[in-house]
Amino acid sequence: FACHASQDDPSTRNDELPVHGLSEMIVGVLGGGQLGRMLCQAASKMAIKVMVLDPQENCPASSLSFHHMVGSFDDSATVEEFAKRCGVLTVEIEHVDVATLEKLEQQGVDCQPKASTIRIIQDKYMQKVHFSKHAIPLPEFMPIYDLEGAKRAGKLFGYPLMIKSRKLAYDGRGNAVAKSEEELPSAVDALGGFDRGLYVEKWAPFVKELAVIVARGRDNSISCYPVVETIHRDNICHIVKAPANVKWKIMERATEVAYKAVNTLEGAGVFAVELFLTSDDQILLNEVAPRPHNSGHHTIESCYTSQFEQHLRAVVGLPLGDTSMKTPAALMYNMLGEEEGEVGFHLAHQLIKRALTIPGATVHWYDKPEMRKQRKMGHITMVGPSLGNIERNIAVMIEEKELDHK
Ligand code: ATP
Ligand code: MG
Ligand code: MG
């Protein structure tokens, strides 16, 4: 990016280099939650302008964005109006009005990743069909339309049986487990009934959950981040350890599956591939997110290029950055709402106070207007010489917080 030397001689000036920020393109992001917020933070380093579309006036990304359009990313007219103002359209959530994105693409609007990718991913059943067609290893699955069908699936796959809603799932809110045939009706009811659109997955007896963030540039170059281990509590991401403590062979296999999966999807950006590791060292794909992801938050402090910077580089057409870690180890701890309202804020504050005294810890607070139980309110990333060292620090932080609570 040495553009100064050529200023005197216009003939040697590279016209592709932007005059102001690293890209003149305004990046439009559908959704203004914590992922949108962290995209804005990365964008500010590169002087890239990010506009967000989110219905909530004080959403986490609002105050950090170049512009916040208040409106629904699930409403056709609003998305069209928003798209007119952006150079490239991307997402921080997959539950958007994809039919409008497809229409806009036909009219020449630049969507990254492509609307076809969002369409496949936002319906988890369709996603599974897509990946199985491409020979990506998955837990067995089938659609269910009524109780008889659910019982047939139970006979075929055994129990516990994982029932999932095809659409609008996040943080496990579209999942219900039936431990036996008797539990099928209540599990289906908990998901809102068959009309919601359900499918089942065979239980994956995983020993660990892994994830790989894969970035693809506009030139189709692909780059993978180190494999991480994700630990969920009540279906919600709780802790991420980087790098994952698994054999080299497993790292390779996980990266290969993630690479292969993303290679079947169209468009630029970062993708998160959630994986199961089974006791016989198999890697199975759980799901893919077409955007920055909770399993990649640690990259802000631990990698040369954060997943957020990488996503922006990818969608505006800059070269992808180095995905390797610059610290030996990192651990990300999600701050989930423990109690509603003021009590919840107080508890989080106690934890943050502890974290601020620990070397290598960085606190991210998303500034969500309301504290709710189990809601992702912020996260803490700790970097250090080894996972063992960091885990000792985390233990101190959590214990202290619990002492304060008493
Ligand atoms: P996210 O917030 O990641 O989008 P989600 O709501 O889409 O989550 P999933 O990723 O499908 O939900 O599942 C959440 C968690 O439930 C997984 O991380 C895993 O711990 C568990 N899980 C999902 N599918 C299975 C399965 N087939 N067998 C066993 N456990 C599973
Ligand atoms: Mg999901
Ligand atoms: Mg998931």
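Remember, it's 1-based here, ligands and their atoms both numbered in the order they're listed.
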Among Val27, Leu89, Thr117, Val88, which one satisfies side chain to side chain contact (heavy atoms under 4.5 Å, CB included) with Gln112?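 Looking at Val27, Leu89, Thr117, Val88, the match for Gln112 under the side chain to side chain contact (heavy atoms under 4.5 Å, CB included) is Val88.
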Test side chain to side chain contact (heavy atoms under 4.5 Å, CB included) applied to Leu161 and Ile144, Leu156, Val200, the passing residue: Val200
When rounded to the nearest 0.5 angstrom, what is the spacing between [atom1] in [X] and [atom2] in [Y]?
X: Lys376; Y: Met335; atom1: NZ; atom2: CE; answer: 13.0 Å
X: Tyr159; Y: Lys179; atom1: OH; atom2: NZ; answer: 13.0 Å
X: Gln310; Y: Cys303; atom1: CD; atom2: SG; answer: 9.5 Å

Between [X] and ligand 1, is there a nitrogen or oxygen pair with a distance under 3.5 Å?
X: Lys376; result: no
X: Ala204; result: yes
X: His293; result: no
X: Glu209; result: yes

Shortest protein contact, [atom] (heavy atom only):
atom: atom 1 (P) of ligand 1; value: Glu287 OE2, 3.4 Å
atom: atom 15 (C) of ligand 1; value: Asn235 OD1, 3.2 Å
atom: atom 22 (N) of ligand 1; value: Met162 CE, 3.5 Å
atom: atom 11 (O) of ligand 1; value: Lys164 NZ, 2.7 Å

Any idea which atoms of ligand 1 are less than 4.0 Å away from a heavy-atom of [X]?
X: His232; answer: 18 (O)
X: Glu274; answer: 3 (O), 10 (O)
X: Lys124; answer: 5 (P), 7 (O), 9 (P), 11 (O), 12 (O)

Just one of Gln56, Glu57, His68 clears the side chain to side chain donor-acceptor pair (under 3.5 Å) bar with Ser62, so which one? His68
Looking only at the aromatic ring of each residue, does the gap between the centers of Phe271 and His293 stay below 6.0 angstrom?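 When the ring centroids of His293 and Phe271 are compared, they turn out to be at least 6.0 Å apart.
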Is there a donor-acceptor contact under 3.5 Å from the side chain of His95 to the main chain of Ala169? yes
Is it true that a side-chain atom of Asp322 and a backbone atom of Ser324 form a donor plus acceptor pair closer than 3.5 Å?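 Answer holds: yes.
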Determine the interplanar angle of the His379 and Tyr366 rings, folded into 0 to 90°, and report it as parallel if under 30°, tilted if 30 to 60°, perpendicular if over 60°. tilted
Test applied, salt bridge (Lys or Arg N to Asp or Glu O under 4.0 Å); reference residue, Asp281; option that passes from Lys208, Lys249, Arg253, Lys247: Lys247
Looking at Arg166, Lys164, Lys128, Arg196, which one forms a salt bridge (Lys or Arg N to Asp or Glu O under 4.0 Å) with Asp123? Arg166
Compare Tyr170, Phe157, Phe206, Phe141 and give the one whose heavy atom is closest to atom 30 (N) of ligand 1. Phe206
Nearest to atom 9 (P) of ligand 1 by heavy atom, Asn175, Val177, Val288: which? Asn175
Ignoring water, what protein N, O or S atoms are under 2.8 Å from the Mg ion (ligand 2)?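 Protein N/O/S atoms under 2.8 Å of the Mg ion (ligand 2): Glu287 OE1, Glu287 OE2.
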Heavy-atom closest pair, residues Leu53 and Ser72: CD2-O, 3.8 Å
Considering all heavy atoms of both residues, which atom of Ala272 and which atom of Ser295 are nearest to each other, and what is their separation? CB-OG, 4.4 Å
So is Gly172 close enough to ligand 1, meaning a heavy atom under 4.0 angstrom away?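 Heavy atoms of Gly172 do come under 4.0 Å of ligand 1.
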Tell me which part of Lys202 gets within contact of ligand 1: side chain, backbone, both or neither, using heavy atoms under 4.0 Å.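 Under 4.0 Å from ligand 1, Lys202 contributes backbone atoms alone.
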Using a 4.0 Å heavy-atom threshold (strictly under), name the region of Asn294 that reaches ligand 1: side chain, backbone, both or neither.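 It is neither part, as no heavy atom is under 4.0 Å.
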